[in-house]
Amino acid sequence: MPIRVTSTLRDRLASATRPLAGMWVCSGSPLVAEICAGGGLDWLLIDMEHAPNGLESVLAQLQAVAAYPVDAVVRVPSGDPVVIKQVLDLGARTILVPMVSSAAQAREVVAAAHYPPRGRRGVGSALSRSALWNRVDDYLTRASAYVSVLVQVETAEAVAAAAEIAAVDGIDGVFVGPSDLAASMGLIGQQTHPEVMAAVHSALAGILAAGTPAGVNAFDPVVADAYLAAGASFVLVGADVAVLARAAESFAARFTTGDDTARTGY
């Protein structure tokens with residue numbers, strides 16, 4: 001029996017009538033991912049770069065959010081073709097590859113995400129969730145329709161090359177990362193510094209000029225609004241772990257006033 005395959009973020013962006021809002025899922029918990037999936041946002045980013053996620057936990061989170069009308073994106077830890085192949089075989093429809101600073105790197109990412117002759121993704125669809133164990137008709141010949149590739153520009157070098165990166169065939173969106181961008185500019189921890197924000201705006205302009213959807217990370221609503229006004233078509237506005245941390249702190253501030261007990265980290 002033929003089975004319908006879920007859409008990619010590329011498809012969602014193409015049909016959207018407004019910018020798409022999402023959040024990071026960094027806890028590594030399928031339960032937390034499912035809670036976030038039911039919150040009404042457009043997309044979730046399951047992170048493998050800075051979160052305690054491996055293949056098994058990513059698989060569990062993809063399964064947990066599959067029942068909800070939200071697009072799941074997996075940020076792989078690097079452009080390693082082996083990891084990209086494995087994550088796509090898990091059934092991820094959209095991947096985000098960090099630290100892409102040139103068009104040449106972007107072309108390598110695209111090649112890793114697609115089967116020959118377009119690319120060099122290894123063939124194992126009969127064994128994987130990506131093709132639902134050969135229950136998706138003509139998966140191998142139609143696989144490019146089921147895969148969306150986003151890359152992340154997050155250095156000064158990448159900002160300068162943003163338009164060229166965005167113009168690479170097979171790049172479906174470019175996401176700007178202000179945190180690492182600030183660090184690369186000698187302004188670590190200052191994502192809202194005027195020079196950093198100017199660089200973000202420069203990157204957004206270059207990406208949009210290439211006709212490619214532009215995304216950006218912005219936890220500050222005022223900053224997010226500024227980037228949306230500049231044409232960003234998808235944004236991340238929060239993270240599961242940050243929401244939980246701030247909520248826990250607010251409870252402590254309300255109910256433990258005056259308690260000066262020393263707290264320790266790990």
Side-chain angles (χ1 to χ4, degrees), residues 8-10 12-14 16-24 41-43 45 47 49-50 71 73 75-79 94-110 113 148-239 242:
T8 68
L9 192 65
R10 174 189 59 235
R12 185 77 172 269
L13 286 166
T17 57
R18 57 167 176 76
L20 303 182
M23 70 182 294
W24 296 86
L41 289 166
D42 301 301
W43 65 293
L45 183 63
D47 189 25
E49 185 185 16
H50 292 299
D71 282 275
V73 178
R75 180 166 74 170
V76 294
S78 72
T94 304
I95 58 169
L96 172 64
V97 179
M99 289 292 181
V100 172
S101 297
S102 69
Q105 282 183 284
R107 284 190 287 270
E108 288 295 309
V109 168
V110 172
S148 177
V149 178
L150 312 177
V151 293
Q152 194 165 3
V153 297
E154 41 192 339
T155 64
E157 177 188 4
V159 168
E164 295 176 11
I165 293 169
V168 170
D169 183 36
I171 295 299
D172 300 308
V174 179
F175 190 79
V176 184
S179 294
D180 279 303
L181 176 57
S184 81
M185 296 172 65
L187 296 165
I188 192 167
Q190 301 180 61
Q191 295 94 314
T192 58
H193 189 283
E195 292 181 22
V196 176
M197 292 188 66
V200 172
H201 279 282
S202 175
L204 293 175
I207 297 161
L208 294 169
T212 302
V216 65
N217 192 50
F219 284 13
D220 182 332
V222 174
V223 174
D225 286 340
Y227 293 149
L228 290 169
S233 48
F234 59 114
V235 293
L236 289 172
V237 295

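In what follows, every heavy atom counts, from backbone to side chain, and hydrogens, waters and symmetry copies are set aside.
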Identify the heavy atoms of [X] and [Y] that sit nearest to each other, and give their distance.
{"X": "S184", "Y": "A156", "result": "OG-N, 3.0 Å"}
{"X": "A158", "Y": "I165", "result": "O-CD1, 4.1 Å"}
{"X": "A230", "Y": "L208", "result": "O-CD1, 3.6 Å"}
{"X": "A210", "Y": "A166", "result": "CB-CB, 3.7 Å"}
{"X": "V109", "Y": "V100", "result": "CG2-CG2, 4.3 Å"}
{"X": "L181", "Y": "A199", "result": "CD2-CB, 3.9 Å"}

The test is side-chain contact (heavy atoms from CB on, under 4.5 Å); show your working for L228 and V235 and say whether it passes.
CA-CA 8 Å; L228 290 169; V235 293; 3.7 Å; yes

Ring geometry between F175 and F234 (parallel below 30°, tilted from 30 to 60°, perpendicular above 60°):
tilted

Starting at [atom1] of [X], measure out to [atom2] of [Y] and round the result to the nearest 0.5 Å.
{"X": "D180", "Y": "I188", "atom1": "CG", "atom2": "CD1", "result": "8.0 Å"}
{"X": "T192", "Y": "F219", "atom1": "OG1", "atom2": "CZ", "result": "13.5 Å"}
{"X": "S202", "Y": "I207", "atom1": "OG", "atom2": "CD1", "result": "9.0 Å"}
{"X": "H50", "Y": "R75", "atom1": "NE2", "atom2": "CZ", "result": "5.0 Å"}
{"X": "D71", "Y": "L41", "atom1": "CG", "atom2": "CG", "result": "12.0 Å"}
{"X": "L96", "Y": "Q152", "atom1": "CG", "atom2": "CD", "result": "5.0 Å"}

With a 4.5 Å heavy-atom cut-off, do [X] and [Y] have their side chains touching?
{"X": "V216", "Y": "V200", "answer": "yes"}
{"X": "V237", "Y": "P221", "answer": "no"}
{"X": "W43", "Y": "M23", "answer": "no"}
{"X": "L204", "Y": "V176", "answer": "yes"}
{"X": "L20", "Y": "L9", "answer": "yes"}
{"X": "M185", "Y": "H193", "answer": "no"}

Report yes or no: does [X] contribute a side-chain atom to a donor-acceptor pair with the main-chain N or O of [Y] at less than 3.5 Å?
{"X": "S148", "Y": "T8", "result": "no"}
{"X": "D42", "Y": "A21", "result": "yes"}
{"X": "E154", "Y": "M99", "result": "yes"}
{"X": "D172", "Y": "L150", "result": "no"}

